[in-house]
Every structure is written in C-alpha cells, then in structure tokens.
Amino acid sequence: MLHQEFIHKLEDLLGKDRCTFSPEDMVAYSYDANPEKRAQPEGMVSPKNKEEVAEIMKLAYAYDVPVTPRGGGSGYTGGCVPVQGGIVMAMDRFNRILEIDRDNFIVIVEPGVVVQDLQAEVDRIGQMYPPDPASVAFATIGGNIAENAGGIRAAKYGVTKHYVMGLEVVLPTGEIVRTGSKCVKDVAGYNLTELFVGSEGTLGIITKAVLKVVPKPEARRTMTATFSTLEKAAEAVSAIYATGVRPATLEFLDRISLEAVEKAIAFGAKPEEGALLLIEVDGSDHALDAEVEKIQTACEQCGVITFRKAQSDEDREDLWKARRALSFALCEIATEWEDDDISVPIARIPAMIRKLDQIAERHHIIIANFGHYGDGNIHIGMTTGKNGGPFPMKAKQEVVAAVVELEGRIAAEHGIGCVKVENLHWNIDEPTMNLMRRFKTLLDPKGLLNPGKVMPKG
Ligand SMILES: Cc1cc2nc3c(=O)[nH]c(=O)nc-3n(C[C@H](O)[C@H](O)[C@H](O)COP(=O)(O)OP(=O)(O)OC[C@H]3O[C@@H](n4cnc5c(N)ncnc54)[C@H](O)[C@@H]3O)c2cc1C
C-alpha cells in the first residue's frame, strides 16, 4: 500500500492529471508483450522532464517504493511489468527529437520517441538510424536502449549499442549523470554509456540519448533462396560471406516455419524446400546488381532450389510475405507456444537446429525456428500442438543447456526481464554475477529501481 503522504507529494509535484492511483487505470500498466507476466502497480506517474524524474526517485527512496520505467510496453520478457508493485514511470511524455546534427551524423532524442518516428525524421534528410526491430511502430528509443534491441539490419549494421554515443540518466537515488559525447573518439573517463545500454531499466532512467546515424543507402535489393535443409542454407551463408558481400538482412525460416506459412498463405513453397533465406543488400545502386549476382552464384553452388529477386517494391513485399506471415501462421498450428530468443555464433546455427530437432523428438513436441541468421539470433517456438497435452518444461531447460554447450547466449535481443532471471547463471559465472550485484547496489542501494529483473537474488 502506498503511503498517503507519498501520493500527495507526487500529486503536488506532477498535478493530478499526470499521476493516477485508480485500480482500473492500473490494468494498462500491468503487462507487456509477454502473455504470462502480469502484475498491477499501485500508481502511475508521467513525468515530462529530468528534474521531475529525479524528484520522483528521491520520493520513492524516502518512502521505499519500487519504481518501474515503462516505454512502449512491447518487451517480451516482462521488463516493464511491476512485479514488486510500487509505481510505474511512463516515459511517453519524453517524446521530443531535440536536435538533428546533420553534419556530425548525430541526433539527440528523448527516450519516449517512437523508433519509427526517429527513422522517418532522419530519412527526410538522407540519413538512416539503423536499429530496426520489428516493433519500430510502437517501441521507444528508451526501451530499445534499455534492451539493446536488435532487428532485421543487425547482420550488417549491428544493434542499438552501436548507435548510442551518450546518455543522460537519472540514477535511482535521484542524481542526474551524463555519459559519452558527440565525439567518435572519446576516452575521457570510463565507458559508462555501455553500462546503461541493455541494463533493462535497473540501473537508471534514461532521460536523453545522443545517437549516431549513418548516410542512407542509395538503394537496396531483396531476394529469397530456398534449400532442402538448413545445413545447405548454412553453406550458402558461408559462401555468401566468402564473396565479400555483407548483406544488411539475412533472415531464415526452417522447415516447420515454412510449412506453416505455406499452409496459411500458399506463397508457393515446394515440399522439398526445408529452409528459406531472405536476403537484402544495400548500398550504391550501381554496385548492387554485382552483389546480387555474387549471392546468386554462391547459393547455386550450394544447391539452391528456388532463387527469387525482387524487381519492384511490390515484388519486395511479396518476398517478405513469408517472414511477415509467420507469427499468424504458427498460431494455426497451435495457440499455446513457449517462445525463446537465443543466439549462437553464426557458424553453429545448424548444430543448434540439430539439437533442437533432437529435443523435439525426445519430448514429442513441435519446434519452429526462424530469425536473424546474419547475427546468430534464433527465435524458437515450442508447442505440443493444437490438441497436445501440457508442455514438458524440461524441454526448455534442455534448450538452455544446448545454447550454453555451443557457447551461445540465453538472451539475444529480448532481454532477461523477469522471465529469464533464474537462467542467467547459465551464462554468467558467480564472480561476474557478484560484480553485477555490486554495481546494482552501488547505484541502487535499496534495490527500488525495477526490482525482480535481470539478476537473481544473491
Ligand atoms: C511484434 C513485436 C516485434 C518485436 N521485434 C523485435 C525485434 O525485431 N528486435 C528486438 O530487439 N525486439 C523486438 N521486440 C521486443 C521489444 O519491442 C523490444 O524489447 C523493445 O526494445 C522494447 O521497447 P519498449 O519501448 O516497448 O519498452 P518496454 O517494453 O516498455 O520496456 C522494456 C524495458 O526497458 C525499460 N525502459 C523503458 N524505457 C526506459 C527508460 N527511459 N529508461 C530506462 N529504462 C527504460 C523498461 O523498464 C523495461 O525493462 C518485439 C516486440 C514485439 C511485440
């Protein structure tokens, strides 16, 4: 229960229209995109500047109230779900693009800016903000930084951390700190920026970000290639890289995913096709046809079954159809899925898929794999099917063990949140975990900022 005095102080600070404590309103702040994790806060506050964020944190510290930052609420691991109650801090009023420094390829934004809005703004001046998660239309820059979000262009352009040059952060105890700068070369002090990137709102609240953008590529080409097996597709990926071409996008669908999509939208997959690669290259227009040719030759040397090239924007949409229809198509196989998001070094993707096939066989379950081949990120969907029994949770643990055996990571781009806390020890050994705990305690001695996330209790 929140202390009445705490509530009154928040109302004095923000006005009654920017905080609410009504149980009905709390429902809207009780979930993210993970269907299993829900928890209602006792209050919601909506600050609009760093000073208010700092005051709220000082009050929370004075009254021992947990605070959970919330961006677009699109996370998959319960990161913005207030599992220990307290208040949710909605960051949607921090929605301004503060500066576009065209000559230095820098933008300065508030964290509540929706990623797609930033992309559109820089596109207008011939520049590009590369991180491109499928949730761009509703995820925020703050949420992307907190999760170190990836996306479909990561194969060439990397992930969010590669574009964060500096941050303004309100610490749990209310101090306001600034990290990094606009400079490409900057070794003035510790690299604190990266400490906050990917920290899932547990170390501080981001109130401003200095981001790097790049020149917008002049053109792109899109193609798909199908193979009998994922091993064949993997050979093709190695052959493509060996040509020196670096695709911006390199997505894959395995056999189960392909069959599901074919059943749902009949896009023309053949029964002998067991893997699909969706490939995009970008750069200067005159160079791209040669790159496409190199990719086609590499695929042909590896037994490609069908190679399609988009000739127009309409064709491109067509080639993306299978990938885009996937979530819906998988729902036709089963309504209940256990999802995972893992990564392995890219040459080990076929080995990982073989291990997943064995797990599926052992537990009589269906496993569908798809994701971002170019950065080793596999999205795994596991189910017992439409009329199957309860899901054998042991299979999930076996997936984690397989990831670790292949030197992979149990969380690739969706974070640890509250759903993977108990598995973090598989990737992080005890001395390293202790160091992380010491950082957390130093910054947040009472453990009030986004408690219950990322780290298991020591
Ligand atoms: C359909 C769909 C597709 C997706 N595709 C991708 C994808 O391709 N790649 C990918 O990486 N992810 C993807 N995601 C996951 C999700 O969109 C990302 O994790 C995204 O970064 C979350 O941003 P958000 O603004 O919604 O944050 P939220 O879900 O609101 O919060 C996420 C975390 O960020 C913290 N946070 C939010 N704002 C701040 C702040 N200002 N300061 C400190 N901490 C903060 C929260 O406390 C929480 O821990 C997808 C999700 C959906 C639903």
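What you are looking at is a predicted structure, and each value in this text was computed from that prediction instead of being measured. One-based numbering, in listed order, for ligands and for the atoms of each. We use all heavy atoms of the structure for the numbers below, so side chains are in, but hydrogens, waters and symmetry mates are not.
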Next on the checklist: Would Ala134 count as being in polar contact with ligand 1, using the rule that some N or O on each side must be under 3.5 angstrom apart?
Outcome noted: yes

Next on the checklist: Could you measure the distance from the CE atom of Met44 to the OH atom of Tyr29? Nearest 0.5 Å is fine.
Outcome noted: 3.5 Å

Item to check | Validation row: Asp340, Lys420 side chains within 4.5 angstrom (heavy atoms) | outcome: yes

Checklist entry - Does Arg153 use its side chain to pair, donor to acceptor, with the backbone of Pro130 at less than 3.5 Å? => result yes

Item to check | N-O pairing of Glu332 and Lys263 below 4.0 Å | outcome: no

Checklist entry - Among all protein non-hydrogen atoms, which one is nearest to atom 14 (N) of ligand 1, and what is the separation to 0.1 Å? => result Ser135 OG, 3.6 Å

Checklist entry - Can you tell which part of Lys453 has a heavy atom less than 4.0 Å from ligand 1: side chain, backbone, both or neither? => result neither

Checklist entry - What are the atoms of ligand 1, with element, lying closer than 4.0 Å to any heavy atom of Ala149? => result 11 (O), 21 (O)

Checklist entry - In the protein, what heavy atom is nearest to atom 41 (N) of ligand 1, and what distance, to one decimal place, separates them? => result Ile206 O, 3.1 Å

Checklist entry - Do Asn34 and Asp339 come within less than 4.5 Å of each other through their side chains, counting heavy atoms only? => result no

Next on the checklist: In terms of relative ring orientation, are Tyr76 and His414 parallel, tilted or perpendicular, with 30° and 60° separating the classes?
Outcome noted: tilted

Next on the checklist: Looking only at distances, can you tell me whether any N or O atom of Asn144, backbone or side chain, sits closer than 3.5 Å to an N or O atom of ligand 1?
Outcome noted: yes

Checklist entry - Can an N or O of Met91 be found at a distance shorter than 3.5 Å from an N or O of ligand 1? => result no

Checklist entry - What atoms in ligand 1 come closer than 4.0 Å to a heavy atom of Thr140? => result 24 (P), 25 (O)

Checklist entry - Short list, please: which atoms of ligand 1 are under 4.0 Å from a heavy atom of Cys80? => result 29 (O), 30 (O), 31 (O), 48 (C)

Checklist entry - Salt bridge or not for Glu99 and Lys182, using N-O below 4.0 Å? => result yes

Checklist entry - Going by the atom numbers of ligand 1, which of them fall below 4.0 Å from some non-hydrogen atom of Gly201? => result 43 (C), 44 (N)

Checklist outcome for this item: Rounded to the nearest 0.5 angstrom, the CD1-CD1 distance for Ile56 and Ile87 is 6.0 Å

Next on the checklist: For the 3.5 Å polar cut-off, considering only N or O atoms, please tell me whether Gly150 and ligand 1 meet it.
Outcome noted: yes

Item to check | Check ion pair Asp318-Lys321 (N to O, under 4.0 angstrom) | outcome: yes

Checklist entry - Given Phe94, Tyr76, Phe196, which one has a non-hydrogen atom that is nearest to atom 52 (C) of ligand 1? => result Tyr76

Checklist entry - Do Arg348 and Glu407 sit within salt-bridge range, that is, some charged N less than 4.0 Å from a carboxylate O? => result yes

Next on the checklist: Any nitrogen or oxygen of Phe138 lying under 3.5 Å from a nitrogen or oxygen in ligand 1? Just yes or no.
Outcome noted: no

Item to check | Short N or O distance, Gly75 and ligand 1, threshold 3.5 Å exclusive | outcome: yes

Next on the checklist: Under a 4.0 angstrom heavy-atom cut-off, which atoms of ligand 1 come close to Gly79?
Outcome noted: 47 (O), 48 (C), 49 (O)

Item to check | Proximal ligand 1 atoms for Gly204, defined as those under 4.0 Å from one of its heavy atoms | outcome: 43 (C)

Item to check | Plane angle bin for His379 and Phe370 - parallel if under 30°, tilted between 30 and 60°, otherwise perpendicular | outcome: tilted

Checklist entry - Which part of Asn450 is near ligand 1, with near meaning a heavy atom under 4.0 Å away: side chain, backbone, both or neither? => result side chain

Checklist entry - Which option, Gly142, Gly112, Gly371, owns the non-hydrogen atom nearest atom 39 (C) of ligand 1? => result Gly142

Checklist entry - Do the side-chain N and O atoms of Trp320 and Glu280 include a donor-acceptor pair separated by under 3.5 angstrom? => result yes

Item to check | Glu200, any N or O under 3.5 Å of ligand 1 N or O | outcome: yes

Checklist entry - At what distance is the nearest protein heavy atom to atom 12 (N) of ligand 1, and which residue and atom is it? => result His414 CD2, 3.5 Å

Checklist entry - For atom 15 (C) of ligand 1, which candidate among Ser74, Ser327, Ala154 provides the closest heavy atom? => result Ser74

Item to check | Parallel, tilted or perpendicular: rings of His3 and Tyr63 (30°, 60°) | outcome: tilted

Item to check | Contact check, side chains of Tyr157 and Asp282, non-hydrogen atoms, under 4.5 Å | outcome: yes

Next on the checklist: Evaluate Gly71 for polar contact with ligand 1, using N/O atom pairs at a separation under 3.5 Å.
Outcome noted: yes

Item to check | Six-ring centre of Tyr31, Arg70 cation under 6.0 angstrom, axis tolerance 45° | outcome: yes

Next on the checklist: Could you identify the single nearest non-hydrogen protein atom to atom 47 (O) of ligand 1 and state the distance to 0.1 Å?
Outcome noted: Pro69 O, 2.7 Å

Item to check | Heavy atom of the protein closest to atom 7 (C) of ligand 1 (residue, atom name, distance) | outcome: Pro133 CB, 3.4 Å

Checklist entry - From Phe21 CZ over to Glu42 CD, what is the distance, rounded to the nearest 0.5 angstrom? => result 10.0 Å

Checklist entry - Checking side chain to side chain contact (heavy atoms under 4.5 Å, CB included) against Glu251, which of Leu326, Ile279, Ile152 comes through? => result Ile152

Next on the checklist: Taking 4.0 angstrom as the limit and counting only heavy atoms of Gly143, give me the atoms of ligand 1 inside it, by number and element.
Outcome noted: 21 (O), 23 (O), 24 (P), 25 (O), 27 (O), 34 (O), 37 (C), 38 (N)

Next on the checklist: Looking only at protein heavy atoms, which one is nearest to atom 19 (O) of ligand 1, and what is the separation?
Outcome noted: Glu147 CG, 3.5 Å

Item to check | Top protein contact for atom 28 (P) of ligand 1, by heavy-atom distance | outcome: Gly73 N, 3.5 Å

Next on the checklist: Taking 4.0 Å as the limit for heavy-atom contacts, which would you say applies to Ala33 with ligand 1: side chain only, backbone only, both, or neither?
Outcome noted: side chain

Next on the checklist: Check this for me - ligand 1, Gly72, N or O atoms closer than 3.5 angstrom, yes or no?
Outcome noted: yes

Checklist entry - Under 4.0 Å from any heavy atom of Ala146, which atoms of ligand 1 are there? => result 34 (O), 35 (C), 36 (N), 44 (N), 45 (C)

